[in-house]
Number of protein chains: 2
Amino acid sequence: MAITSRDVARMAGVSQPTVSRVLRGAPGVAPETRARVLSAARALSYVPSETGRSLATRATRRIGLVADDLTNPFYPELVEPLRDRLEQAGYRALLVSDRVDDPVEADRLADGSLDGVVLTTTEVGSALPHELVRRGVPCVLANREAAGLPADTCVVDNQLGGAQVAGLLASLGHRRLGAVFGPASTSTGRDREAGFRAALGEHGIPLRAELVRRGPFTHDAGRAAVGELLGLPAPPTAVFCANDVVAMGACSAAAALGVRVPDDLTIVGFDDIAMASWDVFGLSTVRGDLTLMADEVVRMLLARIADPGRPAERVVIAPALVLRRSHNAV
Amino acid sequence: MAITSRDVARMAGVSQPTVSRVLRGAPGVAPETRARVLSAARALSYVPSETGRSLATRATRRIGLVADDLTNPFYPELVEPLRDRLEQAGYRALLVSDRVDDPVEADRLADGSLDGVVLTTTEVGSALPHELVRRGVPCVLANREAAGLPADTCVVDNQLGGAQVAGLLASLGHRRLGAVFGPASTSTGRDREAGFRAALGEHGIPLRAELVRRGPFTHDAGRAAVGELLGLPAPPTAVFCANDVVAMGACSAAAALGVRVPDDLTIVGFDDIAMASWDVFGLSTVRGDLTLMADEVVRMLLARIADPGRPAERVVIAPALVLRRSHNAV
DNA sequence: TTGTATGCGTTATCAT
DNA sequence: ATGATAACGCATACAA
């Protein structure tokens, strides 16, 4: 049996509401009573029940963090600063998985155990954010966006980032380009591709269909795709990868085939996760500031919790090329 | 205002407890009433309040996952299967950070919002597990252990794993060994070192103090340490690293200095995280089955929740050498 | 089979 | 300044 405020009240010789007042630091309690209550609470190792408090206040100070597979090195880079900011704001992070083969049910996010939800793996046509908005669950999309959704969103300018890579490869003199794009069902995959293609067009550089692959944001997908490209009679001199994890798969493919990076192959990623700077990769990539993204996401979420009626915001983070050692002029 | 079971009851023309019975699938409800209640619930998009339920049942079906930095690639490998098993068992995972500069307070884990806790980053002398046990919070140590603690624990046989590495290096003919051990404040760091040293002694191979470094389980620590070792007049021909992440730091150091792996330097890690098999690393290491660990941890935790009085269990997982391409004979 | 009454542990309103 | 009382949304013992 856990200790309750009643037990503390009994021991301190006061009423239960007085205990509540003292432990909340509410004003209007005599210093002497306060001291008596506090010492009783300490003696009993009393900790107020979060459940009781939640029921009374209708707030749980808990936020759902919906993510796919955390072993994919991209997600911790986003989840970690999110959890950090949330804890700083007095909230706690509940990790909810959302697998393709086992998607979250909206019910589990709308059961009143969460004050809000951050979605990090939303697919373009997903019904989940709409469902949450409909049910009045405060909700912010991080990193991904869904068209026509009246919900707060924070994304990197993926089109611009893609265009920056195209510009880099063009200026390095590459003309035989390869690409491993992300899933078309994700705004990140789609937008990076669109920006890359458009800018390539402006530079008058073709992107041959046989040098284009598409796959999930995983190492293995990048490895397989670039393995194929490197086996072609006329392989590309540079590949743009959907993100850093895919680019690391490209590095793996190159390593397995004895292809030197960047001498024989230029590899460019996207995101600038911490591992991209490891010497084994030295990955040239596009930086999207995920810490800033976490800041914005948490700010918007708290604002929405405070005022559910506020207009939806869309924050766009400027991307920046990070040039390391995985690129070279032809 | 959220929908409550009262609203559903009113709409279905039954009492509130009947709604509760139907939605829990409790027996003894007329099929016709059940249908009426369910259709009312559906019409109102009713979802039972987890908070109300928790208060009534004194169970939250929520487990705290205490971890340090998830961007350290080791932790997701443990956290992900844990969360997976927990969700399969009908529990949800609350992510709680426990930083050296900002440790968790036991109060936050004992506020009744959690049915149990999994500790993954416990240091040898930490008071936290003792405190939790004292307060009756069901609690399991995963991956790390603390001496003299009457709590359920699951660890890899780190001493044996360290010994296996020593045996491997001995059989490859290495006599000038280096090591980057983990913090002595962790059982993993301490035990791997002890097992390695002991077995080395049995093989009659010395471990010179000037070729030993110690640091946290991070890439950067491994990179710095091995960078130093490689700069020595007589560098080691092989290094045993505290874990895979440290070993990847070693790979980075080698890459930065143009030292070839495994031709010029043998690197062996510990854990066999997914990245270890990436071609850029091809890391030879010791496998500790973290999926199995998650199974055992969740099993023990649920057993303790069901029966707080049961004796503490200690499960030890057998390590196994995984030989890839980062080792070589001298 | 169903309804009534009560309790879970807190906060909050209203007296005193 | 403090106590009595009533929610909060559910589950459960008991009555009918």
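All chains are named by letter (A, B, ...) in the order of the sequence lines, taking the proteins before the strands, and each is independently numbered beginning at 1.
- In this structure, the nucleotide among D:dA11, C:dG9, D:dT2 sitting nearest to the side chain of B:R24 is D:dA11.
- Closest to the B:Y46 side chain, of the nucleotides D:dA11, C:dG3, D:dC10, is D:dC10.
- Candidate nucleotides D:dG9, D:dG3, C:dT2 were compared by shortest atom distance to the side chain of B:V29, and C:dT2 ranks first.
- Closest approach to the B:A30 side chain among C:dG9, D:dG9, C:dT1 is made by C:dT1 (side chain taken as heavy atoms from C-beta onward).
- Straight-line distance from the CZ atom of B:R34 to the C1' atom of C:dT2: 14 Å, rounded to whole Å.
- You'll find that the side chain of B:S5 is closest to D:dC10, out of C:dT10, C:dT2, D:dC10.
- Nucleic acid contact for A:S20: base, since at least one base atom lies under 4.0 Å from a heavy atom of the residue.
- The shortest distance between the side-chain N/O atoms of A:S49 and the OP1/OP2 oxygens of C:dT10 is not below 4.0 Å.
- Between the CZ atom of B:R53 and the P atom of D:dC8 there is a distance of 19 Å, given to the nearest Å.
- Taking a cutoff of 4.0 Å between a charged side-chain nitrogen and a carboxylate oxygen, B:E105 and B:R108 do not qualify as a salt bridge.
- A donor-acceptor contact under 3.5 angstrom links the side-chain atoms of A:R21 to the base of D:dG3.
- Across all strands shown, B:V19 has no heavy atoms under 4.0 Å from either base or sugar-phosphate atoms.
- Rounded to whole Å, atom C1' of C:dC8 lies 13 Å from atom CG of A:D7.
- Between the C1' atom of C:dC8 and the CD1 atom of A:I3 lies a distance of 15 Å, rounded to the nearest Å.
- Using a 4.5 Å heavy-atom threshold, the side chains of B:L114 and B:L94 count as touching.
- Nearest-nucleotide assignment on DNA chain C puts the 5′-proximal partner with B:P27, out of A:E50 and B:P27.
- DNA chain C is contacted by both B:G13 and B:G52; B:G13 maps to the nucleotide lying nearer its 5′ end (nearest heavy atom per residue).
- Closest to the side chain of B:P48, from the set D:dT2, C:dG9, D:dC10, is D:dC10.
- One interatomic measurement links the two molecules: CZ of B:R61 to P of D:dA11, which rounds to 13 Å at whole-angstrom precision.
- Put simply, the side chain of B:Q16 and the base of D:dA11 share a donor and an acceptor less than 3.5 Å apart.
- Proximity note for B:T57 (side chain, C-beta onward) versus C:dT2, D:dA11, C:dT11: the nearest is D:dA11.
- Comment: A:R99 does not engage A:D69 in a salt bridge, judged by the lack of any side-chain N to carboxylate O separation of less than 4.0 angstrom.
- Atom pair B:R6:CZ and C:dT4:C1' shows a separation of 11 Å (rounding to whole Å applied).
- OP1 and OP2 of C:dG9 both lie 4.0 Å or more from every side-chain N or O belonging to A:T4.
- The distance from atom CG of A:L55 to atom C1' of D:dC8 is 4 Å, rounded to the nearest whole Å.
- Note that CE of A:M293 and CD of A:E77 are 12.0 Å apart. Values are rounded to the nearest 0.5 Å.
- With D:dT2, D:dT5, C:dG3 as the choices, the nucleotide that has an atom nearest any side-chain atom of A:P17 turns out to be D:dT5.
- We find that B:D152 and B:R304 are joined by a salt bridge, their nearest charged nitrogen and carboxylate oxygen being less than 4.0 Å apart.
- At a threshold of 4.0 angstrom between heavy atoms, the contacts of A:T33 are confined to the sugar-phosphate backbone, with no base atom among them.
- Looking at every heavy atom in both residues, A:I273 comes nearest to A:P73 through CD1-CB, 4.2 Å.
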